[in-house]
Amino acid sequence: MAATDALHISFDDGFGSIGNLWNVDASVSGEVTLSGYSAMMEWAVGRDAGHGYGTYTINAKAEGNEPGPAIIFWPGDNQWPGQEIDLLEITPDGSGRQYGTLHWNEGGHDAYEAVVYDGVQGGVFHDYTMVWEAGRITFKVDGVEKAVFTDNVPADFAHGGMKNTIGFLNNNPDTSITVRDVTYTPLGGAAPAQPAAPAVETPPAIAEVVTGEEQSWDDYAYEVPEQQAAWAAEPEGDPRFQPGPDGVIDWDALAAKVMANYEATGSWFV
Ligand SMILES: [Ca+2]
């Protein structure tokens with residue numbers, strides 16, 4: 001896919017660029033549902049995997065009042081902590097409120113800013129939109145602005161940073177997420193492939209961490225335990241990985257999934 005290609009996935013006939021699937025229910029034409037423990041995402045195989053600045057709109061319905069469902073823009077290079085951007089999650093306080101989060105790598109540790117959305121009802125379909133541009137990320141629900149991030153906003157690949165892939169998770173037997181449409185329109189639409197960049201951008205922290213390092217897929221084998229430890233140590237920081245009903249995070253199952261992905265693709269992803 002060219003850097004400026006627009007994207008539309010209707011789920012009428014397949015999953016488009018979303019090729020990494022796990023326990024996805026596609027029995028209803030035109031939509032897919034993730035329930036229990038399930039995931040789907042575009043392959044995160046490098047810094048230019050996924051999409052850059054532009055407008056992303058997801059028509060989806062999150063069910064439940066616990067952490068579990070998520071709309072996630074995962075770092076193209078599949079490294080975490082990193083520039084993970086979460087357009088939809090549910091708070092862990094039982095209120096059923098929805099929120100969005102911008103993550104970044106701060107000296108090798110996960111850092112994040114989260115904003116709870118006001119007045120967004122669960123259990124019904126909404127249009128969730130992210131507008132990603134230089135120095136600014138805006139989240140909207142049904143066209144209404146819900147969160148704006150202007151600090152620690154990553155640059156995209158075309159501006160010296162990295163792309164993000166489009167992904168969805170559900171990690172709770174009492175929640176689900178149904179997705180009907182995914183649309184991406186690059187910033188500037190049909191503008192030339194080399195848009196005028198605003199002056200000189202300061203590379204975000206993630207670029208400083210990664211730039212210049214030689215990477216191989218073998219490296220990721222050693223990052224998975226660190227990633228899991230980070231999640232386990234900060235359960236409120238990433239509610240997708242709260243302990244299950246038995247109070248134990250099933251790392252064995254997650255590790256098996258990670259290994260299966262690696263053997264199939266050379267890429268580590270839960
Ligand atoms: Ca559809």
Side-chain angles (χ1 to χ4, degrees), residues 1-45 49-65 67-74 76 84-90 96 98-101 117 119-132 137-147 163-187 189-190 240 261 269-270:
M1 170 178 298
T4 56
D5 276 359
L7 175 74
H8 179 223
I9 303 171
S10 67
F11 303 103
D12 290 336
D13 182 20
F15 296 83
S17 57
I18 300 174
N20 189 355
L21 307 170
W22 179 41
N23 290 342
V24 174
D25 178 356
S27 60
V28 178
S29 178
E31 66 181 44
V32 293
T33 294
L34 280 59
S35 56
Y37 297 85
S38 50
M40 64 178 186
M41 72 177 295
E42 297 176 308
W43 296 113
V45 293
H51 317 275
Y53 292 161
T55 299
Y56 301 69
T57 297
I58 314 289
N59 184 250
K61 174 180 69 173
E63 298 267 15
N65 61 356
I71 299 173
I72 292 180
F73 301 103
W74 189 254
E84 174 188 353
I85 309 167
D86 302 328
L87 180 55
L88 164 64
E89 293 182 89
I90 295 178
Q98 301 181 359
Y99 71 102
T101 308
Y117 303 156
V120 177
Q121 182 184 359
V124 296
F125 282 92
H126 296 287
D127 278 332
Y128 296 88
T129 296
M130 171 174 77
V131 180
W132 181 17
I137 289 175
T138 305
F139 289 169
K140 302 176 184 177
V141 179
D142 297 328
V144 178
E145 186 175 289
K146 293 296 181 182
K163 292 183 178 181
N164 280 48
T165 61
I166 300 170
F168 305 86
L169 285 176
N170 192 74
N171 194 14
N172 186 328
D174 297 322
T175 68
S176 68
I177 180 169
T178 298
V179 184
R180 284 184 170 167
D181 281 287
V182 176
T183 303
Y184 167 67
T185 304
L187 189 67
R240 288 168 293 155
N261 270 337
F269 174 68
V270 177

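Every value quoted in this text rests on a predicted model; they were computed, and no experiment measured them. Whatever order the structure lists ligands and atoms in, that order sets their numbers, starting from 1. Residue indices begin at 1 and follow the sequence shown. We use all heavy atoms of the structure for the numbers below, so side chains are in, but hydrogens, waters and symmetry mates are not.
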Does the side chain to side chain donor-acceptor pair (under 3.5 Å) test come out yes or no for H8 and D181, once each step is laid out? CA-CA 7 Å; H8 179 223; D181 281 287; 3.1 Å; yes
Listing by chain and number, what protein N/O/S atoms are under 3.0 Å from the Ca ion (ligand 1)? S10 O, G30 O, R180 O
What residue pairs, at least two apart or across chains, pass salt bridge (charged side-chain N to carboxylate O under 4.0 Å, His left out) with a residue in residues 20-33? E31-R180
Just checking, any donor-acceptor pair under 3.5 angstrom between side chains of S176 and E63? no
For N164 and H51, which I'm curious about, is there any donor-acceptor pair between the side chains at under 3.5 Å? no
Compute the ring centroids of Y56 and F73, then answer whether they are less than 6.0 Å apart. yes
Do you see a donor-acceptor pair shorter than 3.5 Å between the side chains of T129 and T57? yes
